[in-house]
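Comments concern the structure below.
What you are looking at is a predicted structure, and each value in this text was computed from that prediction instead of being measured.
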Amino acid sequence: MAHDWELIERLLHEAQNSADDSFKPRLYAEQLAGDRLEAGIPLEGSVDHLKQIAGDLEGVLYQGGFIEPRTTEQGGTGNNFVLTARGARLLSLIGSSFPESVEFRRRLDEQGEIALDGEVFDQLADSVART
């Protein structure tokens, strides 16, 4: 299974920047779909499907320990997140500015559904650090 790493990257950036505002994964997916269509990149499925995936990814990222609730002192509203150290590491490794991101994304995709399991990700990220 291939993950939509561009969507995941967008969600992580939005979580990082969501102080004093609610986290809106479905809206971010809709914006990404618009960006893709504007760039002439066809959507795999519909906008609604991408929005559903984004909503599901919010839970996956939370359960995997990539995001956690933002505290009030950090601008928390009860409906937004902050990146954990694991989330920051994921963002740095899949981020389009990381030269090896395509290869790392491929290696994550090889893991299938469990790629965003915290322990699976940590092992794979550690192996990249050793090379």
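- Going from atom CG of L116 over to atom NE2 of H3 covers 5.0 Å, rounded to the nearest 0.5 Å.
- In terms of heavy atoms, A15 sits closest to S18 at O-OG, 3.0 Å.
- With sequence neighbours excluded, the residues that form a salt bridge (Lys or Arg N to Asp or Glu O under 4.0 Å) with D21 are K24.
- No side-chain donor-acceptor contact under 3.5 Å links E14 to the backbone of Y28.
- Heavy-atom contacts from other residues, nucleotides or ligands closer than 6.0 Å to NE2 of H49 number 12 or fewer.
- No continuous path of hydrophobic side-chain contacts links V82 to L90 [ILVMFWY only; heavy atoms under 4.5 Å].
- One hydrophobic cluster, built from ILVMFWY side chains closer than 4.5 Å, holds both L124 and F121.
- Checked by atom type and distance alone, the side chain of R26 never pairs as donor or acceptor with a backbone atom of D48 at under 3.5 Å.
- Hydrophobic cluster membership differs between L11 and V47, with clusters built from Ile, Leu, Val, Met, Phe, Trp and Tyr side chains linked at under 4.5 angstrom.
- Between F66 atom CZ and T84 atom OG1 the span is 7.5 Å, to the nearest 0.5 Å.
- In this structure, the separation between OG on S127 and CZ on R107 is 4.0 Å, given to the nearest 0.5 Å.
- Using a 4.5 Å heavy-atom cutoff, the side chains of Q31 and L27 are in contact.
- The nearest pair of heavy atoms linking N80 to G75 is ND2-O, 3.1 Å.
- If you take CG on L91 and CD1 on I67, they are separated by 12.5 Å, rounding to the nearest 0.5 Å.
- Here the CZ-OG distance, from F98 to S92, works out to 7.0 Å after rounding to the nearest 0.5 Å.
- Side-chain contact between R105 and E9 is present, with at least one heavy-atom pair separated by less than 4.5 Å.
- Taking hydrophobic clusters as Ile, Leu, Val, Met, Phe, Trp and Tyr residues chained together by side-chain heavy-atom distances below 4.5 Å, V120 does not share a cluster with W5.
- Considering every non-hydrogen atom in both A125 and L93, the closest pair reads CB-CD1, 3.7 Å.
- Taken together through direct or relayed side-chain contacts under 4.5 Å among Ile, Leu, Val, Met, Phe, Trp and Tyr, V60 and L32 form part of one hydrophobic cluster.
- Not one N or O on the side chain of E103 forms a donor-acceptor pair closer than 3.5 Å with the backbone of E100.
- R70 CZ to N79 CG: the interatomic distance, rounded to the nearest 0.5 Å, is 12.5 Å.
- When every heavy atom of G95 is checked against every heavy atom of S101, the shortest pair comes out as O-CB, 3.3 Å.
- Sorted by first and then second residue, the salt bridge (Lys or Arg N to Asp or Glu O under 4.0 Å) pairs involving residues 32-44 (not counting sequence neighbours) are D4-R36, E6-R36, R10-D35.
- Using modelled atom types, one side-chain atom of R86 and one backbone atom of G64 make a donor-acceptor pair closer than 3.5 Å.
- Between G87 and L12, the shortest heavy-atom distance links the atoms O-CD1, 4.2 Å.
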